[in-house]
Amino acid sequence: MRHQVIIAGLGDTESALEDSRSIPEMVLAAVQTALADAGIDYGAIDSVVTASVDLFDGITASNIAVTEVVGAVMKPETRISADGLAAIAHGACQIWSGAYETVLVVAHAKTSMARYQELTQWAMDPIHVQPLGVDFLTCAGLQARLLAHGDAGADRRWAQIAADRRGRASRPLAPASSVEEILASKPVALPLRQGMCAPMGDGACAIVLRGAATGAQGPVLRGIGYDLEPHALGDRDLTHWHGLERALQRACKTAELQRAYAHFDFAEPSCLFAHEEELFTAAVKLREDTEISADGGLLAACVPVVAGMSRLATATRQLRGAEDGGRRALVHGTWGPVAQGQVVAILEGTPL
Amino acid sequence: MMREESIRIPFRFAAGRAGSRMLAALRDDKQILGSHCPVCVRTLAPARPFCPECGGENLKTVELGSGAVLVSWTDMPGRGLFALVRPDGADTAMIHKLLGQSGDFHIGARLRAVFAAERRGHIADLQGFEPDPGSAA
Ligand SMILES: [Zn+2]
């Protein structure tokens, strides 16, 4: 039988437009909080999975700068250059397989270091696309135009989504604003305006995963699945998140849930642009009583790479706080141009 | 304290076989090339070394038209207009630039390719796409 994976500890830095600490200092703070939350010390960690992107850090093999603070000296460490939730997937597999009992998963990014959007140009095809100056924001604008085609109310709905999400956040990285203000905000990749985009900042997140045999308490990571779309935008159907549908199907399979009947009490999508929330809801077909983005989600505050892991942290807090405890959450992460990579985790609270 | 730095390292990206054919055709013949996959019965733009759908390498290089259809576009103030355009003869769209004002364009509009006078075997040898005045669509 597969070993059960428990979300045993959480730690994150408060995301900020600029965190004056160095990356190792930010990571250390997140790790110390997560270990304290799990009630363990560095000695209990069997293995570490880190998530970071070299280009964002301005250092190659960016995980080697955090080896000590994640407690990976003389331990196995794996680095994932994708969303932090994909790192969670790898950590979970290590426990499911029985290889390790306690895995520390850590993600970080610091967008204040450089011009984030400009860096994303270097994730595009270097022969046909990058030389044109296309970045992730360009790609999002192309997708948004396609979605808004023949849908006169689209931009107002997107502004409403962004206003709602930012309005419910306790510390958004962009000021809360009205629908009208968002519709009048700076055009960045029309039809997208500044107010419809996730504000980017600095942060780190650490999560302790433990096998049930350790006696750890907390929500159970029931299933995980991910998927990749082709890289070239023209090869994809940009009007749907098919990759998310497939990732969720796989996550349900690993969780031994029937996709058609799986109900989620909480959903924590990774939406970098307001229109992505509509792609998310269309792909996962949630019931109306599912609570989406309890803390405002990424449209309120986004740290790349940390993004999907921060959603897992929020979902874990929701499940820990749920009165009957026995609830289910769908957690989502993306990476690449217009969410080329999609990852889904299914979490369940322990019934009291 | 912050240490300021600007990382600038020269790189050489190999265009590969299909990419090189594509860039040479832009330079020498003002011609956009695509690849036809006989398995998927689909013509891809631009030319590819393999089919992204089936992985097959047995693709036939085809000459695409200089006319195109606008699939989507975005206006990035200060940076210009970017588009997904489907060249005539292709089933998929490619990313490039639009030449003109945002108001000149709508999804489904007919476009025509504009080539640079001086060409060097680079994707920018194709300057972009402009509205096709010969078309009422
Ligand atoms: Zn094929």
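Quick note on labels: first sequence line is chain A, next is B, and so on, each numbered from 1.
Atom CG of B/Asn58 has 12 or fewer neighbouring heavy atoms from other residues, nucleotides or ligands inside a 6.0 Å radius. Heavy-atom contacts from other residues, nucleotides or ligands closer than 6.0 Å to CD of B/Glu53 number 12 or fewer.
At least one donor-acceptor pair under 3.5 Å links the side chain of B/Thr74 to the backbone N or O of A/Leu190. Remark: the backbone N or O of A/Arg145 is not paired with any side-chain donor or acceptor of B/Ser72 at under 3.5 angstrom.
Contacts of B/Leu23 with chain A are made by side-chain atoms alone, with heavy-atom separations under 4.5 Å and no backbone atom involved. Residue B/Val85 does not touch chain A at all, counting heavy-atom pairs closer than 4.5 Å. Using a 4.5 Å cut-off between heavy atoms, B/His122 contacts chain A through its side chain alone, with no backbone atom that close. Heavy atoms closer than 4.5 Å to chain A are found nowhere in B/Met1, neither backbone nor side chain. Heavy atoms closer than 4.5 Å to chain A are found nowhere in B/Ala90, neither backbone nor side chain. When heavy atoms are compared at a cutoff of 4.5 Å, B/Arg79 approaches chain A solely by way of its side chain, counted from C-beta outward.
The shortest side-chain heavy-atom distance between B/Met76 and A/Gln117 does not fall under the 4.5 Å cut-off. Counting heavy atoms from C-beta outward, A/Ile127 and B/Ile123 have side chains that stay 4.5 Å or more apart.
Atom CZ of B/Phe82 is separated from atom CG of A/Leu233 by 13.0 Å, given to the nearest 0.5 angstrom. Residue B/Ile95 holds its CD1 atom at 9.5 Å from CG of A/Asp125, rounded to the nearest 0.5 Å. Here the OG1-CZ distance, from B/Thr92 to A/Arg236, works out to 13.5 Å after rounding to the nearest 0.5 Å. Note that CD1 of A/Ile59 and CD1 of B/Ile7 are 9.5 Å apart. Values are rounded to the nearest 0.5 Å.
Ranking A/Leu238, A/Thr138, A/Leu146 against chain B, the residue ahead of the rest is A/Thr138, based on heavy-atom pairs under 4.5 Å.
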Take B/Glu5 and A/Met113 through the side-chain contact (heavy atoms from CB on, under 4.5 Å) test and state the conclusion after the steps. CA-CA 10 Å; B/Glu5 183 60 274; A/Met113 285 175 69; over 6 Å; no

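Interface with chain B: from residues 128-137 of chain A, residues A/His128, A/Val129, A/Pro131, A/Leu132, A/Gly133, A/Val134, A/Asp135, A/Leu137 qualify, criterion being any non-hydrogen pair under 4.5 Å.
Residues satisfying the side-chain hydrogen bond (donor to acceptor under 3.5 Å, both in side chains) criterion with B/Arg48, sequence neighbours excluded, are A/Asp235.
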